[in-house]
Amino acid sequence: MPQYFRDSPESLVPDALAGFAAAHADLVAYHPDHGYFRTRHTAPTRRVGLVSGGGSGHEPLHSGFLGTGMLDAACPGRIFASPHNRQIFEASRAVAGPDGVLHIVKNYTGDRINFGIAAERLAHEGIHCARVLIDDDLATDSDDIAVGRRGTGATLIVEKILGAAADEGRGLEELTALGTEVTRRARSLAVASAAHTTPASGAPAFALPDNVLEFGVGIHGERAEGTTPHAPLGKLVETMTDQLLAALPDTAGTRVLALVNGLGSITSLELYGIRHAVAKALDDRGVGLDRSLTGTFVSALDMRGFSLTLFATDAETLRLWDAPARTPAWPL
(Lines give C-alpha, C1' and ligand atoms only; values in the text may rest on other atoms or scores of the structure.)
Protein backbone atom coordinates (compact mmCIF):
# COMPACT_ATOMS: atom_id res chain seq x y z
CA MET A 1 0.00 0.00 0.00
CA PRO A 2 1.28 3.52 -0.76
CA GLN A 3 2.48 5.67 2.11
CA TYR A 4 2.55 9.43 2.42
CA PHE A 5 5.84 11.23 2.91
CA ARG A 6 5.45 12.69 6.41
CA ASP A 7 6.84 12.45 9.91
CA SER A 8 3.55 11.21 11.32
CA PRO A 9 -0.16 11.25 10.43
CA GLU A 10 -0.60 14.14 12.86
CA SER A 11 2.16 16.25 11.31
CA LEU A 12 1.04 15.97 7.69
CA VAL A 13 -1.32 18.97 7.64
CA PRO A 14 0.49 21.41 9.99
CA ASP A 15 3.83 20.82 8.27
CA ALA A 16 2.22 21.38 4.87
CA LEU A 17 0.56 24.61 6.02
CA ALA A 18 3.85 25.94 7.38
CA GLY A 19 5.63 24.97 4.18
CA PHE A 20 2.99 26.61 2.00
CA ALA A 21 3.27 29.83 4.01
CA ALA A 22 7.05 29.89 3.65
CA ALA A 23 7.01 29.01 -0.04
CA HIS A 24 4.59 31.83 -0.86
CA ALA A 25 5.53 34.38 1.79
CA ASP A 26 5.43 37.15 -0.80
CA LEU A 27 1.75 36.48 -1.47
CA VAL A 28 0.18 35.09 1.70
CA ALA A 29 0.43 35.55 5.46
CA TYR A 30 -0.23 32.63 7.81
CA HIS A 31 -1.90 33.13 11.18
CA PRO A 32 -1.36 29.76 12.91
CA ASP A 33 -2.86 30.89 16.22
CA HIS A 34 -6.22 31.33 14.51
CA GLY A 35 -5.67 28.83 11.70
CA TYR A 36 -6.12 30.91 8.56
CA PHE A 37 -4.24 32.42 5.64
CA ARG A 38 -4.81 35.89 4.24
CA THR A 39 -3.52 37.63 1.16
CA ARG A 40 -0.79 40.24 1.44
CA HIS A 41 -2.14 42.12 -1.58
CA THR A 42 -5.70 43.43 -1.85
CA ALA A 43 -7.09 45.79 -4.46
CA PRO A 44 -7.77 49.15 -2.77
CA THR A 45 -11.15 49.27 -4.52
CA ARG A 46 -12.48 46.26 -2.62
CA ARG A 47 -15.46 46.89 -0.34
CA VAL A 48 -16.11 43.23 0.55
CA GLY A 49 -13.71 40.60 1.84
CA LEU A 50 -13.97 37.16 0.22
CA VAL A 51 -13.45 34.17 2.54
CA SER A 52 -13.54 30.48 1.73
CA GLY A 53 -12.19 27.30 3.23
CA GLY A 54 -12.58 23.59 3.67
CA GLY A 55 -10.78 20.43 4.53
CA SER A 56 -7.14 19.88 3.70
CA GLY A 57 -6.46 17.29 1.02
CA HIS A 58 -8.05 19.35 -1.77
CA GLU A 59 -4.99 21.43 -2.61
CA PRO A 60 -4.50 23.86 -4.20
CA LEU A 61 -8.07 24.76 -3.19
CA HIS A 62 -8.56 27.08 -1.26
CA SER A 63 -5.32 28.63 -0.04
CA GLY A 64 -3.75 28.43 -3.48
CA PHE A 65 -6.22 31.02 -4.72
CA LEU A 66 -5.45 33.77 -2.23
CA GLY A 67 -4.42 37.04 -3.73
CA THR A 68 -5.27 39.93 -6.00
CA GLY A 69 -8.27 39.04 -8.11
CA MET A 70 -9.41 36.13 -5.96
CA LEU A 71 -9.74 35.38 -2.22
CA ASP A 72 -8.83 37.56 0.76
CA ALA A 73 -8.68 34.72 3.31
CA ALA A 74 -8.81 30.93 3.39
CA CYS A 75 -9.40 28.59 6.31
CA PRO A 76 -7.95 25.06 6.04
CA GLY A 77 -9.46 22.30 8.16
CA ARG A 78 -8.07 18.89 8.93
CA ILE A 79 -8.07 16.35 6.12
CA PHE A 80 -11.55 16.29 4.55
CA ALA A 81 -12.95 18.16 7.57
CA SER A 82 -14.53 21.59 7.85
CA PRO A 83 -12.53 24.41 9.40
CA HIS A 84 -13.67 25.39 12.90
CA ASN A 85 -16.05 28.32 13.17
CA ARG A 86 -13.38 30.16 15.20
CA GLN A 87 -11.00 30.07 12.22
CA ILE A 88 -13.68 31.39 9.91
CA PHE A 89 -14.73 34.12 12.34
CA GLU A 90 -11.18 35.38 12.90
CA ALA A 91 -10.34 35.29 9.20
CA SER A 92 -13.56 37.09 8.29
CA ARG A 93 -13.06 39.76 10.90
CA ALA A 94 -9.51 40.34 9.67
CA VAL A 95 -10.42 40.87 6.01
CA ALA A 96 -13.92 42.36 6.20
CA GLY A 97 -14.27 45.47 4.07
CA PRO A 98 -16.47 48.51 4.64
CA ASP A 99 -19.37 46.58 3.09
CA GLY A 100 -18.68 43.37 5.02
CA VAL A 101 -17.56 39.87 4.11
CA LEU A 102 -18.82 37.19 1.73
CA HIS A 103 -18.41 33.49 2.58
CA ILE A 104 -17.95 31.10 -0.36
CA VAL A 105 -19.09 27.75 1.04
CA LYS A 106 -19.14 24.27 -0.48
CA ASN A 107 -22.36 22.42 0.29
CA TYR A 108 -21.32 19.99 3.02
CA THR A 109 -22.96 19.74 6.42
CA GLY A 110 -19.88 20.65 8.46
CA ASP A 111 -19.00 23.62 6.27
CA ARG A 112 -22.53 24.97 6.37
CA ILE A 113 -22.68 24.67 10.16
CA ASN A 114 -19.30 26.25 10.89
CA PHE A 115 -19.60 29.07 8.38
CA GLY A 116 -23.10 29.68 9.74
CA ILE A 117 -21.88 29.97 13.32
CA ALA A 118 -19.11 32.32 12.22
CA ALA A 119 -21.66 34.48 10.39
CA GLU A 120 -23.74 34.74 13.57
CA ARG A 121 -20.69 35.81 15.55
CA LEU A 122 -19.85 38.42 12.91
CA ALA A 123 -23.39 39.79 13.10
CA HIS A 124 -22.98 40.26 16.86
CA GLU A 125 -19.97 42.47 16.09
CA GLY A 126 -21.87 44.49 13.52
CA ILE A 127 -20.04 43.02 10.50
CA HIS A 128 -22.29 42.37 7.52
CA CYS A 129 -21.92 38.83 6.20
CA ALA A 130 -23.54 36.89 3.36
CA ARG A 131 -22.99 33.46 1.85
CA VAL A 132 -22.77 31.87 -1.59
CA LEU A 133 -23.42 28.12 -1.39
CA ILE A 134 -21.70 26.02 -4.06
CA ASP A 135 -23.77 22.98 -5.05
CA ASP A 136 -22.64 21.88 -8.50
CA ASP A 137 -22.18 18.09 -8.17
CA LEU A 138 -24.52 16.37 -10.59
CA ALA A 139 -24.05 12.96 -8.97
CA THR A 140 -25.90 14.12 -5.85
CA ASP A 141 -28.76 15.89 -7.66
CA SER A 142 -31.48 13.80 -6.05
CA ASP A 143 -34.54 14.44 -3.92
CA ASP A 144 -33.39 11.51 -1.77
CA ILE A 145 -30.34 13.49 -0.57
CA ALA A 146 -31.45 15.89 2.14
CA VAL A 147 -28.38 18.14 2.00
CA GLY A 148 -28.61 18.52 -1.78
CA ARG A 149 -25.85 18.61 -4.38
CA ARG A 150 -22.27 18.66 -3.10
CA GLY A 151 -19.91 21.55 -3.79
CA THR A 152 -16.97 20.60 -6.02
CA GLY A 153 -15.15 22.02 -9.05
CA ALA A 154 -17.41 25.04 -9.61
CA THR A 155 -15.95 26.51 -6.41
CA LEU A 156 -12.89 27.63 -8.36
CA ILE A 157 -15.03 29.31 -11.03
CA VAL A 158 -17.04 31.17 -8.40
CA GLU A 159 -13.89 32.30 -6.55
CA LYS A 160 -12.35 33.64 -9.76
CA ILE A 161 -15.41 35.49 -11.05
CA LEU A 162 -16.32 36.92 -7.65
CA GLY A 163 -12.72 37.94 -7.03
CA ALA A 164 -12.66 40.00 -10.20
CA ALA A 165 -16.04 41.55 -9.39
CA ALA A 166 -14.94 42.39 -5.84
CA ASP A 167 -11.86 44.15 -7.23
CA GLU A 168 -14.23 46.42 -9.15
CA GLY A 169 -15.69 47.60 -5.86
CA ARG A 170 -19.02 45.80 -6.01
CA GLY A 171 -21.06 45.59 -2.82
CA LEU A 172 -22.11 42.61 -0.73
CA GLU A 173 -25.59 42.23 -2.17
CA GLU A 174 -24.39 42.43 -5.77
CA LEU A 175 -21.58 39.92 -5.19
CA THR A 176 -23.93 37.50 -3.46
CA ALA A 177 -26.36 37.62 -6.36
CA LEU A 178 -23.56 37.14 -8.89
CA GLY A 179 -22.10 34.16 -7.01
CA THR A 180 -25.51 32.54 -6.73
CA GLU A 181 -26.07 32.95 -10.47
CA VAL A 182 -22.65 31.55 -11.36
CA THR A 183 -23.35 28.51 -9.19
CA ARG A 184 -26.74 28.02 -10.85
CA ARG A 185 -25.10 27.86 -14.26
CA ALA A 186 -22.40 25.29 -13.34
CA ARG A 187 -22.48 21.51 -12.96
CA SER A 188 -19.71 19.00 -12.25
CA LEU A 189 -19.26 15.24 -12.45
CA ALA A 190 -16.31 13.10 -11.29
CA VAL A 191 -15.10 9.60 -12.06
CA ALA A 192 -12.33 7.52 -10.49
CA SER A 193 -10.59 4.24 -11.19
CA ALA A 194 -9.08 4.05 -7.68
CA ALA A 195 -9.82 5.63 -4.30
CA HIS A 196 -7.58 7.95 -2.36
CA THR A 197 -5.23 6.56 0.28
CA THR A 198 -6.42 7.15 3.85
CA PRO A 199 -3.52 8.96 5.58
CA ALA A 200 -4.06 7.36 8.99
CA SER A 201 -4.03 3.76 7.75
CA GLY A 202 -2.32 3.82 4.38
CA ALA A 203 -5.22 1.80 2.99
CA PRO A 204 -7.46 2.77 0.09
CA ALA A 205 -10.76 4.34 1.10
CA PHE A 206 -12.64 1.83 -1.04
CA ALA A 207 -11.83 -0.96 -3.47
CA LEU A 208 -12.80 -1.21 -7.12
CA PRO A 209 -12.48 -4.25 -9.36
CA ASP A 210 -10.22 -4.03 -12.37
CA ASN A 211 -11.66 -2.23 -15.40
CA VAL A 212 -14.42 -0.57 -13.37
CA LEU A 213 -14.95 3.14 -12.75
CA GLU A 214 -16.72 4.83 -9.85
CA PHE A 215 -19.07 7.13 -11.80
CA GLY A 216 -20.10 10.14 -9.69
CA VAL A 217 -17.49 9.86 -6.92
CA GLY A 218 -17.19 12.63 -4.31
CA ILE A 219 -14.06 14.61 -3.51
CA HIS A 220 -13.95 13.05 -0.01
CA GLY A 221 -14.13 9.56 -1.44
CA GLU A 222 -17.91 9.33 -1.20
CA ARG A 223 -19.05 6.35 -3.22
CA ALA A 224 -21.25 6.87 -6.25
CA GLU A 225 -24.63 5.25 -6.67
CA GLY A 226 -23.06 2.83 -9.11
CA THR A 227 -20.05 1.87 -11.17
CA THR A 228 -19.54 1.62 -14.90
CA PRO A 229 -17.21 -0.49 -17.04
CA HIS A 230 -13.98 1.26 -18.01
CA ALA A 231 -14.77 2.64 -21.47
CA PRO A 232 -12.56 4.36 -24.04
CA LEU A 233 -11.92 7.95 -23.02
CA GLY A 234 -13.91 9.53 -25.84
CA LYS A 235 -17.03 7.54 -24.97
CA LEU A 236 -16.67 8.26 -21.25
CA VAL A 237 -16.30 11.99 -21.83
CA GLU A 238 -19.25 12.02 -24.23
CA THR A 239 -21.44 10.43 -21.55
CA MET A 240 -20.29 12.92 -18.93
CA THR A 241 -20.73 15.85 -21.31
CA ASP A 242 -24.26 14.83 -22.26
CA GLN A 243 -25.30 14.57 -18.62
CA LEU A 244 -23.73 17.90 -17.71
CA LEU A 245 -25.24 19.77 -20.66
CA ALA A 246 -28.67 18.33 -19.88
CA ALA A 247 -28.37 19.64 -16.31
CA LEU A 248 -27.49 23.22 -17.22
CA PRO A 249 -30.34 25.76 -17.06
CA ASP A 250 -32.58 26.03 -20.12
CA THR A 251 -31.70 29.72 -20.33
CA ALA A 252 -27.96 28.99 -20.48
CA GLY A 253 -27.48 29.13 -24.26
CA THR A 254 -24.89 27.11 -26.14
CA ARG A 255 -21.50 28.37 -24.97
CA VAL A 256 -19.54 27.08 -21.97
CA LEU A 257 -16.36 27.26 -19.95
CA ALA A 258 -14.87 23.83 -19.18
CA LEU A 259 -12.78 22.91 -16.15
CA VAL A 260 -10.88 19.63 -16.54
CA ASN A 261 -9.68 18.84 -13.03
CA GLY A 262 -7.44 16.09 -11.72
CA LEU A 263 -8.36 14.45 -8.43
CA GLY A 264 -4.80 13.82 -7.26
CA SER A 265 -2.82 11.15 -9.04
CA ILE A 266 -3.92 11.44 -12.64
CA THR A 267 -1.14 12.59 -14.96
CA SER A 268 -0.94 15.77 -17.02
CA LEU A 269 -0.67 13.55 -20.09
CA GLU A 270 -4.11 12.11 -19.33
CA LEU A 271 -5.65 15.47 -18.38
CA TYR A 272 -4.74 17.03 -21.71
CA GLY A 273 -6.17 14.00 -23.47
CA ILE A 274 -9.38 14.57 -21.53
CA ARG A 275 -9.31 18.24 -22.54
CA HIS A 276 -9.08 17.17 -26.18
CA ALA A 277 -12.01 14.76 -25.75
CA VAL A 278 -14.15 17.43 -24.07
CA ALA A 279 -13.58 19.91 -26.91
CA LYS A 280 -14.56 17.28 -29.48
CA ALA A 281 -17.67 16.23 -27.57
CA LEU A 282 -18.83 19.84 -27.26
CA ASP A 283 -18.13 20.60 -30.90
CA ASP A 284 -20.05 17.50 -32.01
CA ARG A 285 -23.04 18.81 -30.03
CA GLY A 286 -22.87 22.32 -31.39
CA VAL A 287 -21.73 23.85 -28.09
CA GLY A 288 -19.05 26.54 -28.20
CA LEU A 289 -16.08 26.28 -25.85
CA ASP A 290 -15.33 29.86 -24.80
CA ARG A 291 -12.65 29.10 -22.21
CA SER A 292 -11.05 26.07 -20.58
CA LEU A 293 -8.75 25.33 -17.68
CA THR A 294 -6.87 22.04 -17.33
CA GLY A 295 -4.91 20.82 -14.32
CA THR A 296 -5.28 19.74 -10.71
CA PHE A 297 -7.17 22.45 -8.81
CA VAL A 298 -9.63 20.59 -6.53
CA SER A 299 -7.91 17.36 -5.56
CA ALA A 300 -8.96 14.49 -3.35
CA LEU A 301 -5.57 13.53 -1.90
CA ASP A 302 -4.22 10.91 -4.32
CA MET A 303 -7.47 9.70 -5.86
CA ARG A 304 -7.00 8.40 -9.38
CA GLY A 305 -9.68 10.19 -11.31
CA PHE A 306 -10.88 13.47 -12.74
CA SER A 307 -13.83 15.81 -12.66
CA LEU A 308 -15.40 17.80 -15.45
CA THR A 309 -17.20 21.09 -14.80
CA LEU A 310 -19.21 22.98 -17.40
CA PHE A 311 -20.27 26.58 -16.80
CA ALA A 312 -22.67 28.41 -19.11
CA THR A 313 -20.93 31.65 -20.05
CA ASP A 314 -21.98 35.12 -21.13
CA ALA A 315 -20.02 38.24 -22.03
CA GLU A 316 -19.93 39.57 -18.46
CA THR A 317 -18.73 36.38 -16.79
CA LEU A 318 -16.10 35.89 -19.48
CA ARG A 319 -14.84 39.42 -18.88
CA LEU A 320 -14.51 38.69 -15.16
CA TRP A 321 -12.88 35.31 -15.82
CA ASP A 322 -10.29 37.00 -18.02
CA ALA A 323 -9.44 39.65 -15.42
CA PRO A 324 -5.89 39.36 -14.02
CA ALA A 325 -5.23 37.47 -10.81
CA ARG A 326 -2.05 36.77 -8.87
CA THR A 327 -2.16 33.88 -6.40
CA PRO A 328 0.10 30.92 -5.58
CA ALA A 329 -1.83 28.54 -7.84
CA TRP A 330 -3.75 30.56 -10.43
CA PRO A 331 -2.18 29.57 -13.77
CA LEU A 332 -3.35 32.34 -16.10
Side-chain angles (χ1 to χ4, degrees), residues 50 52 61 65 69-70 102 104-107 131-142 148-168 170 173-191 215-216 219 236-261 271 274-295 297-298 306-323 325 330-332:
L50 300 184
S52 194
L61 201 73
F65 303 109
M70 294 193 76
L102 180 60
I104 300 171
V105 184
K106 300 190 302 301
N107 188 29
R131 180 181 75 179
V132 171
L133 189 67
I134 315 299
D135 59 350
D136 57 306
D137 179 37
L138 187 59
T140 44
D141 194 352
S142 171
R149 294 186 300 266
R150 297 179 291 225
T152 58
T155 309
L156 177 62
I157 298 172
V158 172
E159 290 177 352
K160 177 61 184 73
I161 291 175
L162 285 186
D167 278 358
E168 294 180 345
R170 301 195 196 187
E173 184 175 341
E174 187 177 1
L175 289 172
T176 304
L178 175 61
T180 300
E181 176 62 13
V182 171
T183 300
R184 188 184 75 87
R185 288 158 46 187
R187 291 292 181 271
S188 300
L189 190 60
V191 298
F215 192 91
I219 59 173
L236 174 64
V237 169
E238 285 181 352
T239 300
M240 296 173 73
T241 300
D242 284 337
Q243 293 190 15
L244 291 169
L245 289 174
L248 293 180
D250 293 339
T251 57
T254 57
R255 305 198 68 82
V256 300
L257 179 155
L259 173 65
V260 178
N261 173 64
L271 284 172
I274 295 164
R275 164 62 174 79
H276 176 70
V278 169
K280 184 178 185 305
L282 291 170
D283 186 59
D284 289 346
R285 287 150 181 79
V287 177
L289 180 57
D290 280 330
R291 302 288 188 277
S292 68
L293 192 61
T294 302
F297 304 103
V298 186
F306 70 93
S307 66
L308 175 59
T309 303
L310 296 183
F311 166 67
T313 57
D314 60 20
E316 175 65 1
T317 53
L318 285 176
R319 184 183 69 81
L320 294 169
W321 177 263
D322 290 340
W330 183 250
L332 301 180

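Scope of the values below: all heavy atoms of this structure, side chains included, with no hydrogens, waters or symmetry mates. Numbers here simply count residues along the sequence, with the first being 1.
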Considering non-hydrogen atoms only, spot the tightest contact between I157 and V182 and give its length. CG2-CG1, 4.1 Å

Name all residues meeting the salt bridge (charged side-chain N to carboxylate O under 4.0 Å, His left out) criterion together with D283; count only those two or more places apart in sequence or in a different chain, and write none if there are none. none

Using the salt bridge (charged side-chain N to carboxylate O under 4.0 Å, His left out) criterion, which residues pair with R149? Sequence neighbours excluded. D135, D141

For a side chain to side chain contact (heavy atoms under 4.5 Å, CB included) with V256, tell me which candidate from T241, T309, D290, L282 qualifies. L282

Go through the structure and list residues passing salt bridge (charged side-chain N to carboxylate O under 4.0 Å, His left out) with E316, not counting sequence neighbours. R170, R319

If the condition is side-chain hydrogen bond (donor to acceptor under 3.5 Å, both in side chains), which residues does T180 pass it with, not counting sequence neighbours? none

Go through it in stages, so that I can follow the logic: the residues are S188 and D136, the test is side-chain hydrogen bond (donor to acceptor under 3.5 Å, both in side chains), and I'd like the CA-CA distance, side-chain angles, deciding distance and then a yes or no. CA-CA 6 Å; S188 300; D136 57 306; 2.5 Å; yes

Hey, can you tell me if W330 and F65 have their rings parallel, tilted or perpendicular (30° and 60° cut-offs)? perpendicular

Is L156 close to L293 at the side-chain level, that is, under 4.5 Å between some pair of heavy atoms? yes

Contacts of A279 that satisfy side chain to side chain contact (heavy atoms under 4.5 Å, CB included) - sequence neighbours left out: R275, L289

Quick one, L133 and T183 - any side-chain contact, counting heavy atoms below 4.5 Å? no

By salt bridge (charged side-chain N to carboxylate O under 4.0 Å, His left out), R285 pairs with (sequence neighbours left out) D242

Can you confirm whether E168 is buried at CD, in the sense that more than 12 heavy atoms of other residues, nucleotides or ligands lie under 6.0 Å from that atom? yes

